[in-house]
Amino acid sequence: MTLENIEEYRNKLRHSAAHLLAEAVLKIHPEAKLTIGPPIKDGFYYDFDINVTFSPQDLASIERDMKRSIKRNTKFEGKELTKNEALEIYKHNPYKIEIINSMPKGEIITEYSHSDGKFKDLCKGGHLDKTGEIKAVKLLSNAGAYWRGDEKNKMLQRIYGTAWESEELQQEYLEKRKQAIESDHRKLGTSLNLFFLDPISPANPFFLPEGTFVYNKLIDFVRKLYEKYDYKEVITPQIFSTDLWKKSGHYDFYLENMYMMEIDDHEVGVKPMNCPAHAIIFQSTLRSYRDLPLRIADFGRLHRYERSGVTHGLTRVRSFSQDDAHIFCDQKDAGSEIKNFLEMLKESYTAFGFNQPRLTLSLRPEKRAGSDDMWDIAEEQLRTVLEDFDETFEEIEGEGAFYGPKIDIFIPDVMGREWQLGTAQMDFSLPERFNLEFINNQGEKERPVVIHRAMLGSIERFIGILLEHTGGDLPFWLAPNQINIIPITDSHLDYSKDLYKKLKTKGLRVNIDYSNERLGQKIRNSEIKKIPVMLVIGDKEKDSKSASVRTRKYGDLGTLNENQLIEKLLSF
RNA sequence: GCCUCAGUAGCUCAGUUGGCCAGAGCAGACGACUUGUAAUCGUCAGGUCGGGGGUUCGAAUCCCUCCUGGGGCUCCA
């Protein structure tokens, strides 16, 4: 089977498993109303409208019943229904009625059954021939889910499961899932002493010295790129009068996510974004077309109130900073600015081994600012640049921000969930609201466009994703501790200290393990802390002024003399 | 915010038909050992059993409530 065929087959398999799940639930709870049960990545779910909740024991017994159904190996059979028939059969199920009524005219309505017709479900199809083809199935969890994903609707009970064409594949998948937990950035954050979270300030991470080192090193990395790509960094206030938020529109559109307070009888808000501050900087002086494009960068700390229940480790927090910048330019230059940005982004992502980010282009939504002409131009600019950059990008209708179209860059975490890191968003609204102008080469006033862009995105989120992708083995240049010198006994301490000084003066981040442990134990400790390089110093090394080099990435490199050693280390 | 599961030492966890002063391993401190590539031995210290309230002669264990976290939903200008 080709890859596509396997995917198609698995979708059928999982969709079929969802039907077995519905069948089993109905046996225990005949009053449950069926809604939908699609296949998803690695599994499937089914949503039930039911007044009870499922316990882990319930899931186990439901799973057993599904397996009995598999054993009976009955056929999946489809049957066409007229709209009237369908409406009659499902008259007690408002969800199915809604589905039937929302179908376009002329679409064929079908119902699928198995267990010799004892179970039937309105369904567009896509099933296996017989239930026995499901070789492995396991229910994983249950959760609440709103009908049609809208929180104004009733909350349904969802059961998630996984299903595979062989028991081995399922075992493999479950094993992979278990191992993924080891690379979870929250776990690594604790074991590597990088950061932690405390209920005293929920969703606001504390960065420990080594985590802070990584944080600052990432910012250094971005600053070097800013120099190369001609960005100007600024520092802007943390708190602004409500006047600013009213002008920018945040007061109308973003207030529920903002931290507001009252000072001197005046309402002020902590910034959730840098853009209004950058607009203030832009208009702080008269701007000429010769000043453009003006690229203003800001690592300012942002605070956004995220609803409880949506926060997550470092990847969704309430306080963070971004490698944020705003480009003020003539509309006709926007395309090349985006192009430059994507080049810089590629340069940075490659450095971290993120070789295949997923890119999306989000197009105009229903409610929007700016004229259709502006949207036409902007969308075409983005599309042209993207086609050149990565032909696999995906266009999404209606998903653009109200102020302009945007490009988003996604990288998955260790559980396969995707997170947005980089973004480039065109903005027609901000220049209007702040009445931004520059003097063009005709001596006339002209309105610039603003491009919001971030490469790494939130530094917090980036660290989280990077940790998961590296399993905690950060690149050598980013590792807070690069080298661990391990003297075998006290008698090797003097030479270890000599070596320490030599490496330190080369700018390498090095430590000596003074602990009174055996070699094996010291090596183990160093491995657990994922320190990239270990230098073992014994009699041999001391006498020949050398070190026995053990690395995490390249294994044992044998004994190197001081010059060889320094050369090697600087090459990492 | 909603559904669901969970919270015992710094970390990983044991401990429930309610019953002696709540346990282990790792990490930590101290001591012995002076060691050749992923765990040397011993001693000590460390806990409001997430917080509060209740039931009970008695609560880590049962009930209520709040907080925080995990998995989802929703949201993500």
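Because only heavy atoms are used, hydrogens play no part in the values below, and waters and symmetry mates are left out as well, while side chains stay in. Quick note on labels: first sequence line is chain A, next is B, and so on, each numbered from 1.
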Nearest to the side chain of [X], which nucleotide is it out of [options]?
X      : options             : answer
A/R552 : B/G69, B/U40, B/A38 : B/A38
A/Q157 : B/A38, B/C3, B/G72  : B/C3
A/T190 : B/U4, B/A38, B/C11  : B/C11
A/A143 : B/U35, B/G71, B/G36 : B/G71
A/T489 : B/A39, B/U40, B/U34 : B/U34
A/P199 : B/A38, B/U68, B/G71 : B/U68
A/R158 : B/G72, B/U37, B/A38 : B/G72
A/Y146 : B/C2, B/C75, B/U40  : B/C2
A/D539 : B/G36, B/C73, B/G1  : B/G36
A/I523 : B/U34, B/A38, B/G1  : B/A38

Indicate the ring-plane relationship of A/Y95 and A/W147, choosing parallel, tilted or perpendicular according to the 30° and 60° boundaries.
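A/Y95 vs A/W147 ring planes: perpendicular.
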
Is there a salt bridge (Lys or Arg N to Asp or Glu O under 4.0 Å) between A/E256 and A/R307? Walk through the geometry before answering.
CA-CA 9 Å; A/E256 60 183 15; A/R307 297 158 91 189; over 6 Å; no

In terms of the nearest nucleotide of RNA chain B, which residue is placed more toward the 5' end: A/Y160 or A/D198?
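Its nearest nucleotide being more 5', the pick is A/D198.
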
Nearest nucleotide by nearest heavy atom, which residue falls closer to the 5' end of RNA chain B, A/L156 or A/R307?
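Result of the comparison: A/L156.
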
Looking at [N], which nucleotide sits across from it as a Watson-Crick or G-U wobble partner, both distances under 3.5 angstrom, or is there none?
N     : result
B/G19 : B/C57
B/C26 : B/G10
B/G46 : none
B/U37 : none

Can you tell me, in whole Å, how much space there is between the [atom1] of [N] and that of [M]?
N     : M     : atom1 : result
B/U55 : B/U61 : P     : 15 Å
B/C76 : B/A29 : P     : 50 Å
B/U12 : B/G69 : P     : 16 Å
B/G50 : B/A6  : P     : 13 Å
B/U8  : B/G47 : P     : 15 Å
B/U16 : B/A32 : P     : 42 Å
B/C3  : B/U74 : C1'   : 11 Å
B/G15 : B/A24 : P     : 15 Å

Could you tell me how far apart [X] ([atom1]) and [N] ([atom2]) are, to the nearest whole angstrom?
X      : N     : atom1 : atom2 : result
A/D58  : B/C5  : CG    : P     : 10 Å
A/D47  : B/C73 : CG    : P     : 10 Å
A/M534 : B/U37 : CE    : P     : 13 Å
A/R304 : B/C76 : CZ    : P     : 12 Å
A/Q322 : B/C76 : CD    : C1'   : 12 Å
A/F410 : B/C76 : CZ    : P     : 13 Å
A/F196 : B/G10 : CZ    : P     : 13 Å
A/I488 : B/U35 : CD1   : P     : 10 Å

Are any of [X]'s side-chain N or O atoms less than 4.0 Å away from OP1 or OP2 of [N]?
X      : N     : result
A/Q521 : B/A38 : no
A/H312 : B/G71 : yes
A/R518 : B/A38 : no
A/R417 : B/G72 : yes
A/R186 : B/G70 : yes
A/R148 : B/C73 : no

Ionic contact status for [Y] with [X], cut-off 4.0 Å:
X      : Y      : result
A/D47  : A/R158 : yes
A/D473 : A/K553 : no
A/K33  : A/E98  : no
A/E460 : A/R301 : yes
A/R358 : A/E394 : yes

Tell me if the side-chain of [X] makes a donor-acceptor pair with the base of [N], cut-off 3.5 Å, by modelled atom types.
X      : N     : answer
A/D556 : B/U37 : no
A/R524 : B/C26 : no
A/S491 : B/U34 : no

Search all heavy atoms of A/Q283 against all heavy atoms of A/F434 and return the closest pair with its distance.
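Heavy atoms only, the tightest pair is NE2-O, 2.9 Å.
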
What's [X] touching, base or sugar-phosphate or nothing? Going by heavy atoms closer than 4.0 Å.
X      : value
A/G309 : base
A/G538 : base
A/K522 : nothing

Using only heavy-atom distances, determine whether the side chains of A/D298 and A/T236 contain a donor-acceptor pair under 3.5 Å.
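A donor-acceptor contact under 3.5 Å links the two side chains.
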
